[in-house]
Amino acid sequence: LHADNPTPSAIFGNSVALGDGFAAVGAPLASNPGGRSGSVYVFRRSAGGWGLDARLDAPPEASDQSFFGSAIALSGTTLLAGAPFDRVGGINASGSAFAYRLTAAGWVSDGRLVSSAPREDALLGASVAIDGDTAALGAPEANDLDEAAGSVVVFRRIASQWLQDASLTATGVPDTDDFGASLSLKGDRLVVTAPRHDHNGVDRQGAAFVFDRGANGWAPPAKLVGE
């Protein structure tokens, strides 16, 4: 798989996602006709092999150097592309993500996901995950609990609109833990990593936190660490 418009330093392959019959590859530094950085290339599997199905360039809503495509995820016919350096409301590197859905006419915009409380240098969209009508965006540099402790913002698609459902943090996660660096979502369960988390006196051993969503929202997480 390769870009149809290769450009120097595009870092094609910086992110990848696999769906039913599709593969998506991010190139967050690709130059595109809109003058904004970042593209996502969607490839379709057919009897003849893999062929380019679409190239999604950073949309007009994205700021310059948004690093669109830094993280991508696929679920069914929905694609999510993170833009962690996007400026939201003039706030530098607050970050966002853009959703797309597959229609008979091709991949079309399905909305821009932004935090209800954007923060400078939070890098929302540095990691993304999606399953059905739920999406999660990691903001590993957000200062919700402490300086750069990190957070995850969860969205739900209701009546064709992406609405913020929750902002998740974890107690005992101090600054520079990068909580939200990577995500995995399946149904009502979300796993969030904090790769620089200290545990039992071991610096930056790392940890993962498992959140479960119930009738009353997201429960406090279980913490996973290596032996």
Side-chain angles (χ1 to χ4, degrees), residues 14-15 17 24 26 28-29 36-40 56 58-75 78-100 109-131 133-157 161-170 173-185 190-197 208-209 211 213 217-218 221:
N14 180 77
S15 58
L29 291 184
R36 295 171 174 81
S37 70
S39 297
V40 173
L56 308 175
E61 303 97 309
S63 58
D64 295 341
Q65 302 300 318
S66 67
F67 281 49
F68 172 84
S70 290
I72 48 181
L74 278 165
S75 177
T78 302
L79 182 148
L80 194 62
F85 285 88
D86 195 13
R87 290 190 301 274
V88 177
I91 302 174
N92 288 332
S94 47
S96 69
F98 294 85
Y100 297 84
S109 174
D110 194 40
R112 184 189 191 195
L113 286 66
V114 299
S115 170
S116 60
R119 300 186 178 180
E120 188 171 10
D121 297 326
L123 303 185
L124 183 73
S127 60
V128 298
I130 185 170
D131 188 23
D133 291 323
T134 300
L137 278 58
E141 298 299 312
N143 56 356
D144 287 57
L145 291 177
D146 202 343
E147 182 181 356
S151 68
V152 174
V153 182
V154 181
F155 297 83
R156 297 186 78 170
R157 182 166 47 189
Q161 287 189 313
W162 289 99
L163 304 176
Q164 184 167 324
D165 180 57
S167 181
L168 305 178
T169 56
V173 178
D175 60 337
T176 70
D177 270 19
D178 287 348
F179 177 85
S182 60
L183 310 171
S184 184
L185 176 66
L190 173 68
V191 181
V192 182
T193 67
R196 298 190 180 196
H197 180 67
F209 297 83
F211 293 83
R213 180 170 55 189
W218 294 89

Has the side chain of S151 got a donor or acceptor atom that lies under 3.5 Å from a matching backbone atom of T169? no
Say you draw a straight line from CG of N14 to CG of L29; how long is it, rounded to the nearest 0.5 Å? 7.5 Å
Minimal heavy-atom distance between A71 and G125, with the atoms involved, is CB-O, 3.8 Å
Does a side-chain N-to-carboxylate-O contact under 4.0 Å join D133 and R156? no
Please determine whether side chain to side chain donor-acceptor pair (under 3.5 Å) holds for the pair T193 and S182, giving the CA-CA distance in whole Å, both sets of side-chain angles, and the decisive distance to 0.1 Å. CA-CA 6 Å; T193 67; S182 60; 2.7 Å; yes
Sorted by chain and number, sequence neighbours left out, side chain to side chain donor-acceptor pair (under 3.5 Å) with R87 holds for none
One should read off an interatomic distance between L190 CG and F209 CZ, to the nearest 0.5 angstrom, of 12.0 Å
So OG of S39 and CG of L56: to nearest 0.5 Å the spacing works out to 8.5 Å
Verdict with reasoning, R157 to T78, per side chain to side chain donor-acceptor pair (under 3.5 Å): CA-CA 11 Å; R157 182 166 47 189; T78 302; 3.2 Å; yes
If we only count heavy atoms from C-beta on, is the S63 to F68 side-chain gap below 4.5 Å? no
Checking side chain to side chain contact (heavy atoms under 4.5 Å, CB included) for the pair V154/L168: CA distance, chi angles, key distance, verdict? CA-CA 8 Å; V154 181; L168 305 178; 3.8 Å; yes
Starting at CZ of R213, measure out to OG1 of T134 and round the result to the nearest 0.5 Å. 3.5 Å
Assign the ring pair F67 / F85 to parallel, tilted or perpendicular, where the plane angle (0 to 90°) is split at 30° and 60°. tilted
Decide side chain to side chain contact (heavy atoms under 4.5 Å, CB included) for R112 and W162; before the verdict, give the C-alpha distance in whole Å, the side-chain angles of both, and the deciding distance to 0.1 Å. CA-CA 8 Å; R112 184 189 191 195; W162 289 99; over 6 Å; no
Assess whether side chain to side chain donor-acceptor pair (under 3.5 Å) is satisfied between D86 and S66, documenting all intermediate values. CA-CA 4 Å; D86 195 13; S66 67; 5.1 Å; no
D178 side chain vs R196 backbone, donor-acceptor pair below 3.5 Å: no
Between CD of E141 and CG of L123, what distance do you get to the nearest 0.5 Å? 5.5 Å
Which pair of heavy atoms, one from A135 and one from L80, lies closest together, and at what distance? CB-CD2, 3.8 Å
Can you name the closest pair of heavy atoms from S96 and V88 and give their distance? CB-CG2, 4.3 Å
Looking only at heavy atoms, the pair that brings P118 and S94 closest together is CB-CB, 3.9 Å
Mind checking side-chain contact (heavy atoms from CB on, under 4.5 Å) for S75 and listing every partner two or more places apart, or none if nothing turns up? I130, D131
Go through it in stages, so that I can follow the logic: the residues are S37 and Q65, the test is side chain to side chain contact (heavy atoms under 4.5 Å, CB included), and I'd like the CA-CA distance, side-chain angles, deciding distance and then a yes or no. CA-CA 5 Å; S37 70; Q65 302 300 318; 3.9 Å; yes
State, to 0.1 Å, how close P28 and S70 come at their nearest heavy-atom pair, and which atoms those are. CB-OG, 3.5 Å
Do any N or O atoms from the side chain of Q164 and from the backbone of S116 form a donor-acceptor pair under 3.5 angstrom? yes
Please evaluate residues V40 and Y100 with respect to the criterion side chain to side chain contact (heavy atoms under 4.5 Å, CB included), reporting the C-alpha separation (whole Å), side-chain torsions for both, the decisive distance (0.1 Å), and the verdict. CA-CA 11 Å; V40 173; Y100 297 84; over 6 Å; no
Is the closest side-chain heavy-atom distance between V152 and F179 below 4.5 Å? yes
Between atom CG of L183 and atom CG of L137, what is the distance when rounded to the nearest 0.5 Å? 8.0 Å
Which heavy atom of L79 sits nearest to which heavy atom of A24, and what is that distance? CD1-CB, 3.8 Å
Would you confirm whether S15, through its side chain, and G69, through its main-chain N or O, come within 3.5 Å as a donor-acceptor pair? yes
